[in-house]
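Working notes, structure below.
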Amino acid sequence: KAGVTQTPRYLIKTRGQQVTLSCSPISGHRSVSWYQQTPGQGLQFLFEYFSETQRNKGNFPGRFSGRQFSNSRSEMNVSTLELGDSALYLCASSEDSYNEQFFGPGTRLTVL
Amino acid sequence: DAKTTQPTSMDCAEGRAANLPCNHSTISGNEYVYWYRQIHSQGPQYIIHGLKNNETNEMASLIITEDRKSSTLILPHATLRDTAVYYCIVHNAGGTSYGKLTFGQGTILTVHP
């Protein structure tokens, strides 16, 4: 099976802009989780989607949002970008939250 | 999810076994112990997980103490490619923590030639 894919791999934006990141899970996986990784805060959970429903959300402002489509592909959106949003954004898929997660390579976002 | 404590860094000689400890003294009965690793700037990689019994797969072995308050990940024959940050995570997969893995700072394992 193909692994988790994320697009784009690298992105440069300026403050105030918005960005959409995409994640394609492993075939058959219905759960998709998103994480933000920064040098200062480490890996932090953003949210999880299962069958198009957000089941869990981390402690991030409302500028961070996401959605999941019927084919389990997921997108996350960050509006009104701030310098502190510069990070590696990772998505992970699993058959369900009971199972191990498989991570994609991440999208490196730089906000100037 | 219970908190975990891991050494900040460890060294290992290539070809030798790497034993990475993790303390999780507040673990509850329905929480699993998961291990992931992250090689520089890549996404974390799942290694192994267990509830109370020792587990082994093609990558590693997981030894969980009888009281479940600590565990050890064993890489039997470490190679240079095993140099990575190793995360021990305690997770209640069946609870309300849907899809949420809580990562600590992990252990930086450096394998030397």
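Residue numbers begin at 1 in each chain, while the letters A, B, ... track the order of the sequences.
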Salt bridge (Lys or Arg N to Asp or Glu O under 4.0 Å) contacts touching residues 32-55 of chain A (sequence neighbours left out):
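Pairs touching residues 32-55 of chain A that pass the test: E48(A)-R55(A), R55(A)-D96(A).
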
Among the clusters formed by ILVMFWY side chains lying less than 4.5 Å apart, do [X] and [Y] turn up in the same one?
X       : Y      : value
Y36(B)  : Y32(B) : yes
V4(A)   : Y49(A) : no
V111(A) : W34(A) : yes
L81(A)  : F64(A) : yes

Decide if atom OH of Y10(A) counts as having more than 12 heavy atoms of other residues, nucleotides or ligands within a radius under 6.0 Å.
no

Can you establish whether the number of heavy atoms outside R63(A) located under 6.0 Å from its atom CZ is more than 12?
yes

The criterion is side-chain contact (heavy atoms from CB on, under 4.5 Å); which residues satisfy it with V85(B), sequence neighbours excluded?
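Partners of V85(B) by the side-chain contact (heavy atoms from CB on, under 4.5 Å) criterion, ordered by chain and then number, come out as Y87(B), I108(B).
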
Atom of F45(A), atom of Y98(B) and distance for their closest heavy-atom approach
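The pair with the smallest heavy-atom distance is CZ-O, 3.9 Å.
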
Ignoring hydrogens, what is the shortest heavy-atom contact between Q101(A) and G99(B)? Give both atom names and the distance.
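Smallest heavy-atom distance, with atoms named: NE2-O, 2.9 Å.
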
For residues 57-90 of chain A, pull every pair meeting disulfide bond (SG atoms under 2.5 Å apart), keeping only residues two or more places apart or in separate chains.
none

Give, as side chain, backbone, both or neither, the part of Y35(A) having an atom under 4.5 angstrom from any heavy atom of chain B.
side chain

Looking only at heavy atoms and a cut-off of under 4.5 Å, which of Q37(A), Q6(A), Q44(A) has the most pairs with chain B?
Q37(A)

Tell me which of these, N56(A), L90(A), N99(A), has more heavy-atom pairs under 4.5 Å with chain B than the rest.
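Most heavy-atom pairs within the cutoff with chain B belong to N56(A).
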
Could you measure the distance from the CG atom of L101(B) to the CD atom of E100(A)? Nearest 0.5 Å is fine.
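Between atom CG of L101(B) and atom CD of E100(A) there are 10.5 Å.
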
For the CZ atom of F103(A) and the CD atom of Q38(B), what is their distance to the nearest 0.5 Å?
8.5 Å

Taking only heavy atoms into account, what residues of residues 44-79 of chain B are found under 4.5 Å from chain A?
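P44(B), Y46(B), H49(B), listed by number.
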
